[in-house]
Amino acid sequence: MGFRFLVLRECRRILRRSPATAAILFLVPLGYLLLFGDVYRAGSLAGIPLVILDEDATAPSRSLIRVFEDSEKFRLVAQATGPEEVDHLLREGEAKVALVIPRDFAKRMKQGLSTPLLLEADSSNLIHANVALKSGREIVQNYSAVVGQRLGESVGRPPLESLNRGFPVRMRLRVLGNPTLSYKNFILSGIGVNGLQLALFITACVALSDERFHRPVWRRASAGTIVAAKLLPTWLLGVFSLGGYVLAAGLLFRLPYQGRWGDLFLLGGAFCFAVTALGLFFSALLPSKLLALQLPILYVMPGFLCCGYSWPLLAMTPGVCLLAGTFPLSYVAVSLRDLTLTGYAPELWGHVRSLLALGGSFFVAACLGVAWRKRLLPPGASR
């Protein structure tokens, strides 16, 4: 039985007998985009609940409070009367950040002394803490520069000299790839390939289970022909689904793709091949559809946490890095984000080779599983 016949048969199975399977490949990634796109539509965190304890109660301290109130990053929820109230608001979650202005704040500034401020952040959510500390530091630096310049001018120094003396070290910041520090831009490409991976698994993990009731097909075709015929239609649909996701992300959430489309389809094609081959391996190995859908979830779920997308691999232990190397997601998520945001992925070719190697290994394993299943069929089963 020829390969072309089996490919056409698989296409008919997906598009006619099981159109929901084809829909899954497109709708799951798109559903992820709509869901998480709305979650991260704002692009950056704003309105972090802030409590302030002003122990100085002077004009300079009140001007600093107004600067924090005017910042879109913070939302003043309370001005505490003591440290106990600050601790209570942070503990109960009513505030995520606290600013404590010491008693001698204005006095020390007038004397030209360093004036420390205490900024407390609830670090149970690292995003809250990182944004709060970064934004708070920027506000205090800008405020310090303005106050230092005014103090210098009050004793007769020219404005530029006052600025240089009052704030002698200035830092310039240049952000590449994601200049607005948008969390939406950071997360959406990874969410898309994770959704595509799930859709490919749902499709591929039951593809060979269906054929166990069509024994003539199993008898007449080789194991490699059967696996390849199952893989090709799902692989093609997956690649087109990835392209559609990238286009939809640009149209709906203004996440324009900066890279070359050839690189996208090269990376996406290798990824879809690896994931589909892995799904077919599970389908060939496991005895029922139920197990073929359930057990791979144990493999898929840690993938997004270990792939280096939300937490860099260089900060992980060697054991976790070794585990991450077995997940196809580890070789596509970061490179896709690089292509989307900067137009260039430095590890593209290495990741493509790794995905092809993983896919080839899974393909061979799936073929061995099919061959083993065929040997278990009783003689004459094809008649």
Side-chain angles (χ1 to χ4, degrees), residues 14 20-37 186-208 230-246 248-249 264-286 292-311 313 323-340 345 347-348 351-352 354-363 365-366:
I14 293 177
T21 300
I24 283 172
L25 286 169
F26 288 89
L27 294 181
V28 171
L30 185 59
Y32 270 47
L33 172 64
L34 295 175
L35 173 62
F36 290 99
F186 168 79
I187 200 69
L188 280 188
S189 57
I191 291 294
V193 290
N194 194 40
L196 177 59
Q197 175 178 250
L198 178 61
L200 288 169
F201 265 116
I202 291 174
T203 304
C205 284
V206 298
L208 290 170
K230 289 289 183 180
L231 185 145
L232 184 59
T234 302
W235 174 77
L236 283 173
L237 287 171
V239 173
F240 283 118
S241 176
L242 179 61
Y245 178 89
V246 171
L264 172 69
F265 286 112
L266 177 66
L267 181 65
F271 172 69
C272 291
F273 169 64
V275 174
T276 305
L278 178 57
L280 291 172
F281 165 67
F282 281 121
S283 183
L285 185 67
L286 298 173
L293 284 173
Q294 288 180 336
L295 290 185
I297 298 299
L298 300 177
Y299 174 86
V300 172
M301 290 303 290
F304 194 70
L305 297 176
C306 298
C307 71
Y309 192 84
S310 57
W311 187 252
L313 287 173
L323 176 64
T326 67
F327 295 115
L329 205 60
S330 300
Y331 303 102
V332 67
V334 174
S335 286
L336 178 59
R337 185 174 62 201
D338 289 343
L339 288 173
T340 301
E347 298 182 278
L348 175 67
H351 285 170
V352 168
S354 297
L355 286 167
L356 292 177
L358 280 175
S361 301
F362 296 141
F363 181 86

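Just so you know, these numbers use all the heavy atoms, side chains as well, and skip hydrogens, waters and symmetry mates. Just so it is clear, the structure is predicted and the values come from calculations on it, not from any experiment.
Interatomic distance, L286 CG to L208 CG, rounded to the nearest 0.5 Å: 11.0 Å. Taken from CZ in R337 to CG in L188, the straight-line distance is 11.5 Å, to the nearest 0.5 Å. Between the CG atom of L358 and the CZ atom of F273 there is a distance of 10.0 Å, given to the nearest 0.5 Å. Taken from CG in L264 to OG1 in T340, the straight-line distance is 7.5 Å, to the nearest 0.5 Å.
Considering only heavy atoms from C-beta on, N194 stays 4.5 Å or farther from L198 through its side chain. Between L355 and L267, some side-chain heavy-atom pair lies under the 4.5 Å cut-off.
Between the side chain of T326 and the main chain of L323, a donor-acceptor pair closer than 3.5 Å is present. For the pair Y331 (side chain) and G325 (backbone), a donor-acceptor distance under 3.5 Å is present. Judged by distance alone, with hydrogens and angles left aside, the side-chain atoms of S189 form no donor-acceptor pair with the main-chain N or O of L336 at under 3.5 Å. Without hydrogens or angle criteria, T203 side chain to A199 main chain gives a donor-acceptor distance under 3.5 Å.
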message: Using side chain to side chain contact (heavy atoms under 4.5 Å, CB included), reason through F362 and L280 one step at a time and then give a plain yes or no.
response: CA-CA 8 Å; F362 296 141; L280 291 172; over 6 Å; no
- Item | side chain to side chain contact (heavy atoms under 4.5 Å, CB included) between F327 and C307, intermediate numbers included | CA-CA 7 Å; F327 295 115; C307 71; 5.5 Å; no
| request: Apply the test side chain to side chain contact (heavy atoms under 4.5 Å, CB included) to residues F281 and L285: give CA-CA distance (whole Å), side-chain angles for both, the deciding distance (0.1 Å), then the verdict. | output: CA-CA 6 Å; F281 165 67; L285 185 67; 3.8 Å; yes
Candidate pair L278 and F201, rule side chain to side chain contact (heavy atoms under 4.5 Å, CB included), full reasoning
CA-CA 8 Å; L278 178 57; F201 265 116; 3.4 Å; yes
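Screening residues 269-281 for side-chain hydrogen bond (donor to acceptor under 3.5 Å, both in side chains) gives no qualifying pairs among residues at least two apart or on separate chains.
For S241 against L196, the heavy-atom pair with the smallest separation is OG-CD1, 3.8 Å. Smallest separation of non-hydrogen atoms from W235 and G269: NE1-O, 2.8 Å. A pairwise comparison of heavy atoms in A324 and S330 identifies O-OG, 2.6 Å as the closest pair. Residues S283 and A204 share a closest heavy-atom pair of CB-O, 3.5 Å.
Other residues, nucleotides and ligands contribute at most 12 non-hydrogen atoms within 6.0 Å of the CZ atom of F240.
The side chain to side chain contact (heavy atoms under 4.5 Å, CB included) check on S361 picks up nothing, with sequence neighbours excluded. When the side chain to side chain donor-acceptor pair (under 3.5 Å) test is applied to S335, the partners found at least two apart in sequence or on another chain are H351.
Within the 6.0 Å centre-distance limit, the rings of Y309 and F186 are counted as a close aromatic pair.
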